[in-house]
Amino acid sequence: SGRLVELAQHIEQTRAPARLDIAEPQGVVQLYWEGEPRLKLIFQPPAPVEVAQRSRIAIIIDDLGPSLTTLRQFLDLGLPLTPSILPGSDRAGASAELLRKAGHEYLIHVPMEPRSYPQTNPGADALMLRHSEDDIRRWMQHYRDQVPGAVGMNNHMGSRFTEYAEPMQIVLDELKRQDLFFVDSVTISSSVAFAEARRM
């Protein structure tokens with residue numbers, strides 16, 4: 001159903017004479033062209049899922065790495081949090097080691113170019129649109145070297161970078177090669193990260 005809703009939104013955004021109507025509870029999807037029905041798909045509606053089975057939340061704590069004290073305070077909460085470590089921070093490596101010893105998964109909080117750059121500076125080691133493919137791949141390896149053992153990455157800032165398919169394809173391809181995942185922080189609603197990940 002999520003993919004159908006996404007498809008319907010994409011069709012609407014193109015301003016094409018097409019329209020997709022989804023009636024999931026009844027098990028019907030209809031495609032209209034210029035107001036005329038062209039395709040009708042009838043399917044078995046999925047069984048209702050109990051709330052207890054689908055209610056989940058994942059909590060990622062960003063911007064960690066400058067202070068081990070702050071990181072220890074989060075660990076002392078005893079909650080299943082996922083810290084995300086800024087690779088250029090003073091204590092990035094030490095933070096990763098502390099989390100590894102504590103048995104915690106953690107992410108790399110990858111700095112990316114924001115729309116407000118240069119007024120807002122994501123840091124000297126940020127991924128920028130001007131970077132070549134080789135540069136992006138080198139930076140990705142550099143982040144992994146600074147935060148070894150991370151299971152994935154999420155973006156720090158990146159409202160401009162995540163809007164562009166080509167650089168995001170490089171980032172996602174590099175992550176896939178390393179068997180890591182990406183969590184889009186959605187610093188802007190026009191991010192293409194999820195759509196590109198699905199397409200790839």
Side-chain angles (χ1 to χ4, degrees), residues 6 10 58-72 74-75 80-200:
E6 185 179 348
H10 283 303
I59 302 174
I60 299 171
I61 307 295
D62 289 341
D63 301 328
L64 294 174
S67 167
L68 291 179
T69 302
T70 302
L71 182 55
R72 286 189 184 101
F74 277 117
L75 290 176
L81 306 172
T82 302
S84 193
I85 302 169
L86 281 164
S89 55
D90 294 337
R91 308 255 186 235
S95 296
E97 181 64 13
L98 176 65
L99 290 164
R100 187 188 63 76
K101 286 181 177 176
H104 263 271
E105 286 190 337
Y106 50 94
L107 306 179
I108 303 170
H109 198 37
V110 177
M112 295 180 173
E113 182 176 345
R115 271 189 167 187
S116 55
Y117 179 81
Q119 291 82 10
T120 305
N121 189 349
D125 57 351
L127 294 179
M128 308 295 280
L129 291 177
R130 67 174 181 268
H131 288 157
S132 68
E133 177 175 346
D134 287 344
D135 288 339
I136 291 172
R137 292 188 189 276
R138 272 196 296 271
W139 276 114
M140 296 287 286
Q141 183 58 53
H142 178 66
Y143 303 144
R144 292 188 67 231
D145 292 343
Q146 289 189 315
V147 188
V151 296
M153 297 183 177
N154 73 326
N155 53 298
H156 170 69
M157 300 189 187
S159 53
R160 177 172 288 145
F161 194 92
T162 59
E163 285 185 302
Y164 288 82
E166 189 174 337
M168 281 308 305
Q169 289 167 10
I170 299 166
V171 167
L172 294 167
D173 180 64
E174 193 64 26
L175 289 171
K176 185 176 181 180
R177 286 167 31 135
Q178 303 295 335
D179 198 27
L180 301 175
F181 61 81
F182 182 74
V183 177
D184 189 356
S185 300
V186 194
T187 55
I188 194 161
S189 62
S190 52
S191 171
V192 299
F194 182 71
E196 286 304 311
R198 174 174 281 168
R199 189 188 61 76
M200 292 169 69

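Positions are given from 1 along the sequence.
The line from CD of Gln146 to CD of Gln141 is 11.0 Å long, rounded to the nearest 0.5 Å. Between atom CG of residue Leu107 and atom CG of residue Asn155 there is a gap of 11.0 Å, rounded to the nearest 0.5 Å. Note: Met140 CE to Ile108 CD1 = 8.0 Å, rounded to the nearest 0.5 Å. Note that CG of Asn154 and CE of Met112 are 9.0 Å apart. Values are rounded to the nearest 0.5 Å. Put simply, CD1 on Ile85 and NE2 on His109 are 11.0 Å apart, with the number rounded to the nearest 0.5 Å.
In this structure, His156 and Asp63 approach most closely via the heavy-atom pair ND1-OD1, 3.2 Å. When all heavy atoms of Gly65 and Arg91 are compared, the pair lying nearest together is O-CB, 2.8 Å. Here the closest heavy-atom approach between residue Ala197 and residue Leu172 is recorded as N-CD1, 3.6 Å. Nearest heavy-atom pair, Val147 versus Pro87, reported as atom, atom and distance to 0.1 Å: CG2-CA, 3.9 Å. Nearest heavy-atom pair, Pro114 versus Thr120, reported as atom, atom and distance to 0.1 Å: CG-O, 3.6 Å. Taking each heavy atom of Met128 and Pro122 in turn, the nearest pair found is SD-CG, 4.4 Å.
Asp62 places no side-chain N or O within 3.5 Å of a backbone atom of Ser84 that could act as its donor or acceptor partner. Of the possible polar contacts, one joining the Ser159 side chain to the Arg115 backbone as a donor-acceptor pair under 3.5 Å is found. A donor-acceptor distance shorter than 3.5 angstrom exists from the side chain of Tyr143 to the backbone of Asp125, with no hydrogens or angles considered. Of the possible polar contacts, none joining the Ser185 side chain to the Thr187 backbone as a donor-acceptor pair under 3.5 Å is found.
With respect to the salt-bridge test (charged N to carboxylate O, under 4.0 angstrom), the residues Arg138 and Asp135 qualify.
In this structure, Val110 and Phe161 have side chains that are not in contact, with every pair of non-hydrogen atoms separated by 4.5 Å or more. Residues Arg137 and Asp173 have side chains in contact (heavy-atom distance under 4.5 Å, counting atoms from C-beta outward). Proximity of Leu127 to Pro167: side-chain heavy atoms (C-beta onward) are nowhere separated by under 4.5 Å. Side-chain contact between Val183 and Thr82 is absent, with no heavy-atom pair separated by less than 4.5 Å. Residues Ile170 and His131 form no side-chain contact, since every pair of their non-hydrogen atoms from C-beta on lies 4.5 Å or further apart. Counting only heavy atoms from C-beta outward, the side chains of Tyr164 and Met168 never approach each other to under 4.5 Å.
Just one of Glu133, Glu196, Glu174 meets the side chain to side chain donor-acceptor pair (under 3.5 Å) condition when paired with Gln169; it is Glu196.
Heavy-atom neighbours of Glu166 CD from other residues, nucleotides or ligands within 6.0 Å: at or below the threshold of 12. The neighbour count for Gln178 CD, taken as heavy atoms of other residues, nucleotides or ligands under 6.0 Å away, is above 12. Residue-environment remark: CZ (Arg160) exceeds the threshold of 12 foreign heavy atoms within 6.0 Å.
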- request: Report the C-alpha separation of Val171 and Met153 in whole Å, then their side-chain angles, then the decisive distance to 0.1 Å, and conclude whether the side chain to side chain contact (heavy atoms under 4.5 Å, CB included) test is met.
  value: CA-CA 10 Å; Val171 167; Met153 297 183 177; 5.6 Å; no

Step-by-step side chain to side chain contact (heavy atoms under 4.5 Å, CB included) determination, Val186 to Thr162: CA-CA 8 Å; Val186 194; Thr162 59; over 6 Å; no

message: Run Tyr106 and Leu64 through side chain to side chain contact (heavy atoms under 4.5 Å, CB included) and show every step you take.
response: CA-CA 10 Å; Tyr106 50 94; Leu64 294 174; over 6 Å; no

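In terms of the side-chain contact (heavy atoms from CB on, under 4.5 Å) criterion, residue partners of Asn121 (sequence neighbours excluded) are, by chain and number, Tyr117. With sequence neighbours left out, His142 forms a ring-ring contact (aromatic ring centres under 6.0 Å, His included) with Trp139. For the side-chain contact (heavy atoms from CB on, under 4.5 Å) test, residues two or more places apart in sequence or in another chain that qualify with Leu81 are Ile59, Ile61, Phe74, Leu77, Leu79.
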